[in-house]
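Let me begin by presenting the structure, written as structure tokens, before commenting on it.
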Protein chains: 2
Amino acid sequence: MTMGNPGGRRRPPTIHDVAREAGVSRGTVSRVLNGGHYVSPAAQEAVDAAIRKTGYVVNRHARSLITGRSDSVGFLLTEPQERFFEDPNFNVLLRGCTQALAAHDVPLLLMLAGTEDERRRITRYITAGHVDGVLLVSSHSGDPVAEELRAAGVPLVACGKPIGLGSKVSYVAADDRDGARDMVRHLLSLGRRRIGVVTGPLDTPGGVERLAGYREVLAEAGIEADERLVVPGDYSRASGEAGAERLLERAPDVDAVFVASDLMAQGVLTALQRAGKRVPDDIAVGGFDDSPAATAATPALTTIRQPWDRISNEMVRVLLAQIGGEDPAAVILPTELVRRDST
Amino acid sequence: MTMGNPGGRRRPPTIHDVAREAGVSRGTVSRVLNGGHYVSPAAQEAVDAAIRKTGYVVNRHARSLITGRSDSVGFLLTEPQERFFEDPNFNVLLRGCTQALAAHDVPLLLMLAGTEDERRRITRYITAGHVDGVLLVSSHSGDPVAEELRAAGVPLVACGKPIGLGSKVSYVAADDRDGARDMVRHLLSLGRRRIGVVTGPLDTPGGVERLAGYREVLAEAGIEADERLVVPGDYSRASGEAGAERLLERAPDVDAVFVASDLMAQGVLTALQRAGKRVPDDIAVGGFDDSPAATAATPALTTIRQPWDRISNEMVRVLLAQIGGEDPAAVILPTELVRRDST
DNA sequence: CATGCTTCTGTGAGCGTTCACAGTAGAGAA
DNA sequence: TTCTCTACTGTGAACGCTCACAGAAGCATG
């Protein structure tokens with residue numbers, strides 16, 4: 001007769017229970033659990049059956065205590081949380097990483113380092129070995145947390161090429177420069193010649209690269225650079241709106257704009273509409289990101305799709321490899337032009 | 001001479017090292033770590049100093065192994081991930097929960113139960129005790145994961161009143177009905193009498209309650225219910241657009257619309273603009289959520305703000321209380337009318 | 001002086017797992 | 001036969017912590 005444990009949760013079965021049930025030793029069960037080398041088919045089968053019967057699930061705490069690994073990784077977001085949390089790409093990335101990790105049975109711990117206090121706590125938590133590695137989202141340069149983690153030898157994979165960190169840190173990024181090139185070439189192919197740009201923040205690699213791609217293509221097309229056509233933005237909708245106004249004021253003959261993010265492009269569209277410009281007839285507008293904002297905009301935005309699903313998969317792959325002892329690696333993934341109604 | 005551990009991460013200090021450094025026993029250090037009862041001021045101080053000096057951080061795995069607690073909680077999203085991941089409120093909620101938990105030094109594990117496979121793995125993971133409790137986001141009715149967790153006695157707090165689960169599960173929700181009442185009263189106060197509604201999905205409590213609030217206020221104002229003014233939606237932008245078209249078709253004299261979400265309200269605005277209706281002159285539009293979509297819309301949306309920061313705080317508070325042995329609780333928080341340009 | 005109570009401290013056991021090691025059995029080679 | 005090698009299995013010792021318990025010291029009370 002089973003007594004159970006009325007009023008509380010039952011004590012879960014241990015490796016010991018499984019061993020007894022299967023008629024083998026703890027060691028054999030453990031071997032089955034960890035890859036099954038040096039176990040006889042008979043034992044293998046008996047243990048499998050016993051696990052199913054008892055509903056055994058390994059106690060990760062006990063395992064971690066002895067292996068020194070935690071078999072979990074952190075997803076760390078430092079600094080300007082608002083920007084990221086409002087960015088739909090961030091969602092896709094977070095979801096992709098979570099799922100890719102889940103496929104490897106690795107839990108993801110979400111860590112937000114907003115305040116100085118949180119920063120300190122998280123750094124201690126990580127360097128104390130409570131996670132085996134970190135997926136890092138922190139576009140801005142010279143991140144002290146990232147630097148500290150790198151110095152402590154914590155496996156680290158950044159999303160986007162990190163500025164300021166040594167070359168020893170892994171990262172996965174879309175090919176921003178090439179994406180920008182594609183877009184500007186596309187605008188050129190439509191016959192546009194006075195092509196403006198609203199840049200991203202220039203303390204981020206993405207911002208820098210996208211601007212560089214723009215400049216490259218114009219140069220290779222033999223079009224003289226005109227700095228009046230270059231206005232700065234910070235990826236926010238508001239800065240797109242302001243940028244477009246400034247652009248129209250400085251270069252009224254502009255016939256196309258490459259905007260370094262879809263969110264900014266939404267702002268650009270608003271400003272152009274207010275100024276009485278028709279899109280794409282008077283001015284063609286190209287975005288970057290292929291975020292939901294791109295399809296929601298009117299007209300729907302032509303944009304550059306970043307392969308976020310592949311980015312998250314690669315981040316996880318590289319991180320797990322690094323945890324497994326491999327060297328840091330940089331992965332750059334191709335982008336894709338998505339043509340809609342704004343060009 | 002310190003040998004260190006060249007080529008690898010150093011073994012972190014243990015409670016033993018701290019004890020030796022402070023000249024006390026492990027037990028005393030442990031007591032200091034866990035609240036400091038029954039420790040002399042002198043010992044307290046010595047241990048504190050030793051912790052600072054050695055940089056000691058407790059090994060949570062070892063602790064969990066013996067206490068049976070994991071001192072972490074899961075943030076579980078079941079089912080229609082797209083809907084939530086595109087919902088800005090979800091971000092705010094996730095962030096709020098993460099930060100509230102961080103304040104208690106409790107890590108958050110992000111769990112996405114999309115596929116059947118993931119569902120099973122997550123359920124096992126949780127019931128095996130790898131988290132102490134679960135923050136649940138799953139508006140739809142009859143969630144099998146939630147039911148299983150509840151049956152297993154896992155502390156659980158849902159966001160929004162769950163349908164289908166017994167009354168034994170805690171939840172935190174905004175007062176949807178009262179918010180809807182406020183909005184409709186506001187529209188009445190502007191002199192509108194032909195007030196339509198685009199509802200949320202009616203298999204969710206939020207959808208049901210918001211509609212109920214609408215009906216209540218009209219009834220108490222002595223306005224006869226007109227079912228032509230009620231059109232269904234599913235919180236998506238597209239359904240707002242379709243809903244507005246349908247509404248105009250069925251009741252051309254409509255002079256206000258209460259839309260059960262801002263995202264849908266954006267769609268409504270688009271459709272109204274296309275139909276040549278001026279907002280708010282011809283038709284006033286009220287949203288719900290106060291999401292970024294509300295300020296981004298033109299005209300900016302009058303809407304009902306849900307106190308997401310308080311909701312996440314309360315969810316965490318209730319969950320931790322429940323983990324600590326308290327009974328399940330329901331918390332309902334007041335909403336707030338935010339007036340902008342669409343009414 | 002004995003007794004009790006409170007406050008504080010150290011000690012040993014044990015949480016559930018992995019790992020190193022020792023040991024067994026059977027096959028094949030000398 | 002005897003030895004070696006391979007394939008497999010069991011055992012004790014950790015991992016770092018908490019918890020129960022025993023005991024010491026100080027102080028008031030009988």
Side-chain angles (χ1 to χ4, degrees), chain A residues 5 8-48 50-51 54-72 105 124-125 128-130 132, chain B residues 5 8-48 50-51 54-72 105 124-125 128-130 132:
Chain A
N5 182 1
R9 277 149 94 182
R10 253 222 306 280
R11 194 184 64 82
T14 73
I15 204 172
H16 220 108
D17 301 323
V18 176
R20 190 154 28 74
E21 180 71 34
V24 297
S25 71
R26 283 163 17 242
T28 301
V29 177
S30 178
R31 275 184 288 266
V32 169
L33 255 35
N34 298 286
H37 293 303
Y38 287 98
V39 272
S40 66
Q44 174 80 250
E45 205 167 323
V47 170
D48 281 342
I51 288 176
T54 55
Y56 170 78
V57 179
V58 67
N59 182 325
R60 300 173 90 110
H61 301 304
R63 171 182 287 174
S64 293
L65 181 55
I66 189 161
T67 61
R69 283 175 285 118
S70 73
D71 291 320
S72 66
D105 208 24
R124 295 191 90 191
Y125 188 86
H130 290 317
D132 294 340
Chain B
N5 182 2
R9 279 149 92 182
R10 252 223 307 281
R11 195 183 64 80
T14 74
I15 204 173
H16 220 107
D17 300 324
V18 176
R20 192 157 23 78
E21 180 70 35
V24 298
S25 72
R26 285 162 17 241
T28 300
V29 177
S30 177
R31 274 185 288 265
V32 170
L33 254 35
N34 298 287
H37 293 302
Y38 288 100
V39 271
S40 66
Q44 175 81 250
E45 205 167 322
V47 170
D48 282 342
I51 288 177
T54 55
Y56 170 78
V57 179
V58 67
N59 181 324
R60 299 173 92 110
H61 301 302
R63 172 183 286 173
S64 294
L65 182 56
I66 187 160
T67 61
R69 285 175 285 117
S70 72
D71 291 320
S72 66
D105 208 23
R124 294 192 91 193
Y125 188 87
H130 290 317
D132 294 341

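Chain letters run A, B, ... following the sequence lines, proteins first and then strands; every chain starts at 1.
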Specify the separation, in whole Å, of atom [atom1] of [X] and atom [atom2] of [N].
X	N	atom1	atom2	value
B:His16	D:dT18	NE2	C1'	14 Å
B:Tyr38	D:dA20	OH	C1'	14 Å
B:Leu65	C:dA13	CG	P	18 Å
A:Asp71	C:dT17	CG	P	14 Å
A:Ile66	D:dG16	CD1	P	10 Å
A:Asn34	D:dT9	CG	C1'	16 Å
A:Asp17	C:dC15	CG	P	11 Å
B:His37	D:dT18	NE2	C1'	16 Å

Do the non-hydrogen side-chain atoms of [X] and [Y] ever get within less than 4.5 Å of each other?
X	Y	answer
A:Asp71	A:Asp105	no
B:Val18	B:Glu21	no
B:Val24	B:Val32	no

Check every atom of [options] against the side chain of [X] and return the nucleotide holding the closest atom.
X	options	answer
B:Arg31	C:dT9, D:dG12, C:dC19	C:dT9
A:Arg26	D:dG16, D:dA13, C:dC8	D:dA13
B:Ala43	C:dT17, C:dG10, C:dT9	C:dT9
A:Ile15	D:dT9, D:dT18, C:dT17	C:dT17
A:Thr14	C:dC15, C:dG16, C:dT18	C:dG16

Parallel, tilted or perpendicular: ring planes of A:His61 versus B:His61, cut at 30 and 60 degrees: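 Tilted, since the angle between the ring planes falls between 30° and 60°.
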First encountered from the 5' end of DNA chain C, between B:Gly23 and A:Arg69: B:Gly23
Is [X] near enough to [N] that one of its side-chain N or O atoms lies under 4.0 angstrom from OP1 or OP2?
X	N	answer
B:Ser40	C:dT9	yes
A:Asn59	C:dC15	no
B:Tyr56	D:dC17	yes
A:Ser25	D:dG10	yes
B:Thr28	C:dG10	yes

Touch class at under 4.0 angstrom, heavy-atom based, for A:Arg60 against every strand present: nothing
Determine all donor-acceptor pairs shorter than 3.5 Å in which one atom belongs to a side chain in residues 36-48 of chain A; sequence neighbours excluded.
unit_1: A:Ser40; atom_1: OG; unit_2: A:Ala43; atom_2: N; d: 3.2

